[in-house]
A.B. asks: 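Structure provided below as structure tokens; questions to follow.
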Amino acid sequence: MSGALCQLLSEKHPMATERYNPRTSEPKWQKAWAEKKLFEAQNDDPKPKYYVLEMFPYPSGKIHIGHTRNYTMGDVVARYKRARGFNVLHPMGWDAFGMPAENAAMQNKVHPKDWTYENIAVMREQLKMMGLSLDWAREFATCDVDYYHRQQMLFLDFVEKGLVTRKSSKVNWDPEDMTVLANEQVIDGRGWRSGALVEQRELTQWFFKITEFAQDLLDSLDRLDEWPEKVKLMQHNWIGRSEGLLIRWPLAVASSDKIGGDTRELEVYTTRPDTIFGASFMAVAADHPLARKAAESNVELAKFIEEVRHMGTSVAALETAEKKGFDTGIRVVHPFDETWTLPVYVANFVLMEYGTGAIFGCPSGDQRDLDFANKYGLPVIPVVMPEDADAKTFQVIEEAYVDDGVMINSRFLDGMKPEKAFNEVAKLLEEKTIGGRPMAERKVNFRLRDWGISRQRYWGCPIPMIHCEACGVVPVPKADLPVKLPDDIEFDRPGNPLDRHPTWRHVKCPQCGRDARRETDTMDTFVDSSWYFARFTAPWANEPTEPKAADEWLAVDQYIGGIEHAILHLLYSRFFTRAMRETGHLNLAEPFKGLFTQGMVVHETYRVGGPSNNGRWLSPSEVRLEDIDGKRHAVEIATGEEATIGALEKMSKSKKNTVSPEEITDGYGADTARWFMLSDSPPERDVEWTDEGAAGAHRFVQRVWRLVQIAAEQLPGVKPVAAKDGEAGAVSKSAHKILKAVGEDIEKLGFNRAIARIYELANVLATPLNDVAEGKADAALKGACREAVEIMVHIIAPVMPHLAEECWQALGGAEMVAERPWPVFDPALVVDNEIVLPVQVNGKKRGDLTIARDADQGAVEKAVLALDFVQKALEGKAPRKVIIVPQRIVNVVA
RNA sequence: GCGGACGUGGCGGAAUUGGUAGACGCAAGGGACUUAAAAUCCCUCGAUCUCUGAUCGUACGGGUUCGAUUCCCGUCGUCCGCACCA
């Protein structure tokens with residue numbers, strides 16, 4: 001910029017520039033929106049529908065900034081879609097059952113109900129301060145009797161349809177507290193409270209038969225084209241369909257006799273029957289019937305099984321533990337060789353839940369089997385080798401060979417490809433018989449297990465079933481619902497308070513009228529969150545849904561939530577929608593049309609007393625950051641002690657690196673917080689909260705306000721008109737290009753890109769608006785500026801709705817921006833007549849070519865070859881090749 | 001352990017999905033204005049060198065291509081999920 005212009009800009013404008021004050025503006029507009037009920041969706045609205053939903057929060061006590069980023073994303077979409085003429089449903093609720101309420105009850109002697117509803121009240125106010133365009137009329141909490149009543153109705157309908165079953169499964173048992181522990185409550189194999197060694201226990205529990213939908217849940221993934229590929233892949237792998245062979249290995253006669261003689265075979269599921277000649281051992285789960293049988297006469301083995309049972313139930317714990325086995329002494333006979341017997345081990349890495357709970361180990365073709373074989377001195381026979389290897393010298397010692405290749409050391413299979421060998425083994429074993437059955441059967445197996453929903457806890461939805469000694473398990477009649485949680489409970493002892501309640505569990509059997517007892521298990525909280533999105537479509541309904549409303553609103557057009565829910569919550573919801581379809585509550589299979597998984601908000605951590613485990617964590621507000629010789633230091637304000645700056649981590653209470661929304665809204669206002677959270681970082685990635693970033697965002701708020709004030713004072717009554725040429729034309733072209741880009745970016749949830757474009761528009765407007773203020777603008781520039789400012793106000797509105805309203809009012813707008821349509825760009829203004837083509841020589845950029853947009857390839861080539869830097873590079877020779885990518889780039893190969 | 005991602009200046013990131021690497025913002029430095037400060041405005045800002053130019057540069061090492069941040073193979077690092085946290 002020239003010195004003269006600098007001088008002009010520095011001259012004081014005649015008007016006083018008042019700073020924008022969010023503390024007065026934001027509540028004012030929030031009230032105005034609420035009074036007009038702008039965000040309450042009507043089910044009978046004839047406009048096209050759009051359902052945007054963010055995963056609802058657990059009411060842990062306070063909203064933190066991570067929540068608000070999530071909700072702001074949804075809010076931007078909701079406000080944008082509303083402006084585009086959609087009937088938008090954007091509801092909010094509370095995932096309100098769960099363990100933390102019970103923990104609070106035990107620690108602080110608060111009733112889980114009071115604790116939860118108090119938290120909800122606090123968090124609702126926090127959300128309201130953020131200016132989210134939510135339909136609060138549809139709000140509910142999953143712990144509302146009204147909601148779990150309908151969930152019990154759904155449960156009974158599922159029971160009737162045969163979608164519910166009872167079976168035995170394992171839980172983490174804390175022998176000291178006499179209670180069931182969640183996986184997260186098991187730390188290094190011990191109970192988090194008692195410190196006692198946890199053991200596995202079998203309990204009869206309730207399950208939803210999600211496995212009946214396994215194939216459909218898998219196949220339907222292909223049609224979810226608005227889901228991230230990675231989530232679909234994760235679900236694909238989780239469902240884990242495999243085609244394999246069930247092989248029945250005969251027990252050696254001596255072995256069979258040893259364990260009583262009535263067990264004569266070992267059933268094994270394998271996806272690699274082709275490697276059957278590489279087998280060197282069998283391994284069964286610790287709770288496999290054969291293991292138990294063998295342990296009856298083997299004290300050492302019983303001890304080993306006991307040890308395995310102390311590992312906790314989580315797969316991660318099992319698989320990261322050292323691979324261990326114990327030889328049962330039992331031997332099986334090889335299906336293709338009666339003289340070949342193999343040992344049967346009990347192994348800690350074999351899971352009873354998967355397949356048949358027994359495997360055959362082929363060390364050369366599986367790394368885990370190889371490690372196991374090496375540890376216990378079992379033979380390693382390579383049976384598949386790369387096609388170009390030599391069968392005589394090919395060896396497997398430390399590293400298993402798992403790729404495709406050719407069969408070796410496998411008798412009649414030698415030379416085949418593994419796939420053919422698979423079919424050959426299957427065919428031959430299907431023909432053989434054992435105990436009157438074929439020795440092998442082809443079987444499709446899923447890794448997916450049925451969904452265990454029983455929880456031995458108080459704060460959850462009671463399972464509406466009754467146990468009668470005469471009639472068995474009887475459903476509570478629908479007329480007797482809801483089964484309400486009793487309020488008078490004690491948390492003075494661990495365990496489930498429902499179990500020891502004096503009266504609650506006693507009930508008459510609905511069938512025979514005799515004394516019976518209620519089921520005291522409550523449902524997994526994932527059940528609550530598996531259908532809340534459907535309930536939002538008619539939260540007033542007496543039935544779980546109003547099927548018409550559900551079918552009209554669903555699927556959710558845009559669902560937004562954390563990647564941590566990529567598997568369980570989303571898979572369970574997909575199951576639930578199918579089950580609700582079978583029971584007539586709605587009529588679709590897939591609940592979420594578009595899915596977006598956003599990143600977390602992270603913050604540095606600070607601790608004093610060294611980085612070791614005994615350090616003391618400090619919150620950002622307790623720390624002063626200093627810059628010494630370019631190095632950042634953190635000092636505890638209270639003591640002056642130097643604190644260690646730790647890694648960026650997910651905000652958590654334990655590490656005290658949380659930032660609450662009030663810390664920003666109290667100072668800068670909600671719009672600044674919303675703007676900052678969406679700028680810079682792409683929404684799917686984590687965002688680091690920094691004070692500098694928030695301050696920068698706030699500077700922009702004030703900058704927009706200043707620009708609008710100039711326009712409001714200098715351009716009153718000026719008609720907004722786009723210009724085609726000159727300085728005014730440049731303003732209009734930029735404004736329309738940016739308007740177009742911002743719309744496209746929001747559609748793609750590219751909020752950070754949209755924000756970068758809006759910054760550009762503000763930059764573009766700065767000089768012309770100053771010209772206007774200096775009285776140097778002609779009518780065309782005034783009209784163009786007025787139009788561009790109005791565009792700017794509308795495109796900031798989804799992210800900074802309060803500021804937009806204040807600006808629009810200053811510009812003399814009659815209605816609120818929240819009620820106004822999205823501006824329309826002029827297609828003629830978003831294309832340029834001349835384009836600048838980068839010109840490369842041998843793939844390196846050497847200059848530009850400015851040429852008419854519609855110039856044909858020949859004209860482009862001619863113009864490029866005439867450029868002096870191209871001539872110089874060619875040294876008078878003809879180019880070997882000229883690659884012209886239309887509208888993109890030119891590459892001259894010399 | 002298994003599964004899934006990510007890695008670009010001092011920092012957050014952009015790059016029309018194979019076509020100008022570093023848009024936009026933050027931080028930093030310099031300047032204007034001011035009695036001064038804040039605020040605001042302007043300029044510079046990947047590295048190196050023989051500095052109006054050239055070379056290198058997108059975690060690291062290879063490969064495919066006229067052209068690679070983008071695709072392929074390998075290595076390293078960070079993060080998420082693993083079924084009773086929500």
Side-chain angles (χ1 to χ4, degrees), chain A residues 1-3 5-7 9-12 17 19 55 57-58 60 95 97-100 171-172 180-186 228 230-231 233-234 236-238 240 313-321 323 349 353 367-368 448-449 451-457 524-526 529 562-569 571-572 600 602 627 630 647-650 676 679-682 684-688 690 692-693 695-697 699-700 702-703 706 741 752-753 755-760 763 766 770 836-840 842-845 847-848 880-883 885 887-893:
Chain A
M1 182 182 285
S2 71
L5 188 50
C6 283
Q7 215 172 350
L9 286 167
S10 66
E11 277 174 29
K12 281 221 174 80
T17 42
R19 285 174 69 79
M55 291 177 186
Y58 178 78
S60 56
D95 189 11
F97 274 136
M99 276 201 323
V171 294
N172 299 308
V180 176
L181 298 176
N183 281 338
E184 70 156 17
Q185 296 174 317
V186 180
K230 60 174 172 179
V231 173
L233 188 58
M234 282 160 90
H236 183 101
N237 291 336
W238 186 260
T313 58
S314 86
V315 176
L318 294 177
E319 302 234 336
T320 42
K323 307 289 172 285
F349 57 85
E353 287 79 18
Q367 192 59 44
R368 196 170 54 183
L448 182 69
R449 312 202 295 254
W451 174 13
I453 61 154
S454 282
R455 298 291 181 271
Q456 293 70 42
R457 297 186 214 297
D524 178 8
T525 57
F526 271 122
S529 56
I563 185 71
E564 66 272 23
H565 294 293
I567 297 173
L568 292 181
H569 163 59
L571 196 60
Y572 291 156
M600 297 175 297
V602 296
D627 207 320
L648 293 174
E649 292 190 58
K650 181 175 171 174
F676 172 68
S679 57
D680 291 3
S681 286
E684 69 276 12
R685 237 188 265 182
D686 294 349
V687 67
E688 185 196 355
T690 63
E692 291 87 354
R699 274 201 296 276
F700 186 68
Q702 297 297 351
R703 195 162 155 225
R706 278 196 306 277
N752 57 322
R753 289 193 302 267
I755 283 175
R757 302 313 299 267
I758 295 173
Y759 274 116
E760 274 179 49
N763 290 344
N770 271 296
V836 178
L837 277 182
V839 178
Q840 297 181 326
N842 293 332
K844 278 189 182 152
K845 195 202 164 191
D848 294 310
R880 285 206 290 154
K881 210 173 180 183
V882 179
I883 294 151
V885 184
Q887 313 291 314
R888 244 337 117 73
I889 202 167
V890 180
N891 189 13
V892 179
V893 185

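A, B, ... follow the sequence lines: proteins, then strands. Residue 1 opens every chain. Computed from a prediction, not measured in an experiment: that's the story for all the values here.
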A.B. asks: Kindly indicate whether the side chain of Arg703(A), heavy atoms from C-beta on, has any atom under 4.5 Å from the side chain of Phe700(A).
C.D. replies: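 In short, these two side chains touch, coming nearer than 4.5 Å.
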
A.B. asks: Does the side chain of Arg449(A) get closer than 4.0 angstrom to OP1 or OP2 of A83(B) through an N or O atom?
C.D. replies: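 Looking at the OP1 and OP2 atoms of A83(B), neither is under 4.0 Å from any side-chain N or O of Arg449(A).
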
A.B. asks: Suppose we call a contact any N or O donor and acceptor under 3.5 Å apart; does that hold for the side chain of Gln456(A) and the base of C84(B)?
C.D. replies: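 Answer is yes: a donor-acceptor pair is held.
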
A.B. asks: Would you tell me if any nitrogen or oxygen in the side chain of Asn183(A) comes within less than 4.0 Å of OP1 or OP2 on C82(B)?
C.D. replies: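 For Asn183(A), the contact criterion (side-chain N or O under 4.0 Å from OP1 or OP2 of C82(B)) is not met.
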
A.B. asks: Does a side-chain N or O from Asn752(A) land closer than 4.0 Å to OP1 or OP2 of G25(B), or not?
C.D. replies: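 Checking G25(B) against Asn752(A), no side-chain N or O comes under 4.0 Å of OP1 or OP2.
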
A.B. asks: Calculate the interatomic distance between Phe349(A) atom CZ and G1(B) atom P; express it in whole Å.
C.D. replies: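 Answer to the nearest Å: 15 Å.
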
A.B. asks: Could you tell me whether Val180(A) contacts a base, only the sugar-phosphate backbone, or nothing, with contacts defined as non-hydrogen atoms closer than 4.0 Å?
C.D. replies: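 Counting heavy atoms under 4.0 Å across all strands, the contact made by Val180(A) includes a base.
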
A.B. asks: Picking from C66(B), G13(B), U20(B), which would you name as closest to the side chain of Val893(A)?
C.D. replies: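 Looking only at heavy atoms from C-beta outward on Val893(A), the closest nucleotide is C66(B).
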
A.B. asks: Once you round it to whole Å, what is the distance between C1' of C79(B) and CE of Met234(A)?
C.D. replies: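 After rounding, the gap between these two atoms is 12 Å.
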
A.B. asks: Using only side-chain N and O atoms of Arg888(A), determine if any of them is under 4.0 Å from OP1 or OP2 of G18(B).
C.D. replies: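 False: Arg888(A) side-chain N/O out of range (4.0 Å or more) of G18(B) OP1/OP2.
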
A.B. asks: Ignoring the backbone of Asn891(A), work out which of C66(B), C84(B), U20(B) is nearest its side chain.
C.D. replies: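 Of all the options, the side chain of Asn891(A) is nearest to C66(B).
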
A.B. asks: So, under a plain 3.5 Å distance rule, would you say the side chain of Asn237(A) forms a donor-acceptor pair with the base of G3(B)?
C.D. replies: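 Answer is no: no donor-acceptor pair is held.
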
A.B. asks: Under 4.0 Å between a side-chain N/O of Arg699(A) and OP1 or OP2 of A27(B), yes or no?
C.D. replies: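 Answer is yes, contact under 4.0 Å.
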
A.B. asks: Does OP1 or OP2 of G25(B) have a side-chain N or O of Asn763(A) closer than 4.0 Å?
C.D. replies: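 Yes, because at least one side-chain N or O of Asn763(A) sits under 4.0 Å from OP1 or OP2 of G25(B).
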
A.B. asks: Does Lys844(A) put a side-chain nitrogen or oxygen below 4.0 Å from OP1 or OP2 of C56(B)?
C.D. replies: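 Yes, Lys844(A) has a side-chain N/O under 4.0 Å of OP1/OP2 on C56(B).
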
A.B. asks: Just to confirm, is there a sub-4.0 Å distance from OP1 or OP2 of C41(B) to any side-chain nitrogen or oxygen of Arg703(A)?
C.D. replies: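 For Arg703(A), the contact criterion (side-chain N or O under 4.0 Å from OP1 or OP2 of C41(B)) is met.
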
A.B. asks: Could you check how far CD of Glu684(A) sits from P of A5(B), rounded to whole Å?
C.D. replies: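 Roughly 14 Å, once rounded to whole Å.
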
A.B. asks: For Asn842(A) and Arg880(A), does a side-chain donor sit closer than 3.5 Å to a side-chain acceptor?
C.D. replies: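 Note: Asn842(A) and Arg880(A) side chains miss the donor-acceptor criterion.
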
A.B. asks: Can you tell me if Asn891(A) uses its side chain to pair, donor with acceptor, with the backbone of Ile883(A) under 3.5 Å?
C.D. replies: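 Not a single qualifying donor-acceptor pair exists.
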
A.B. asks: At under 4.0 Å between heavy atoms, what does Pro682(A) touch on the DNA or RNA strands: base, sugar-phosphate, or nothing?
C.D. replies: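 Sugar-phosphate only.
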
A.B. asks: Hey, does Thr525(A) reach any base, or is it just sugar-phosphate, or nothing, if we go heavy atoms under 4.0 Å?
C.D. replies: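 It contacts sugar-phosphate atoms only.
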
A.B. asks: Verify the contact: side-chain N or O of Arg753(A) to OP1 or OP2 of A15(B), cut-off strictly under 4.0 Å; return yes or no.
C.D. replies: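 Answer yes for this pair, as a side-chain N or O of Arg753(A) is under 4.0 Å from OP1 or OP2.
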
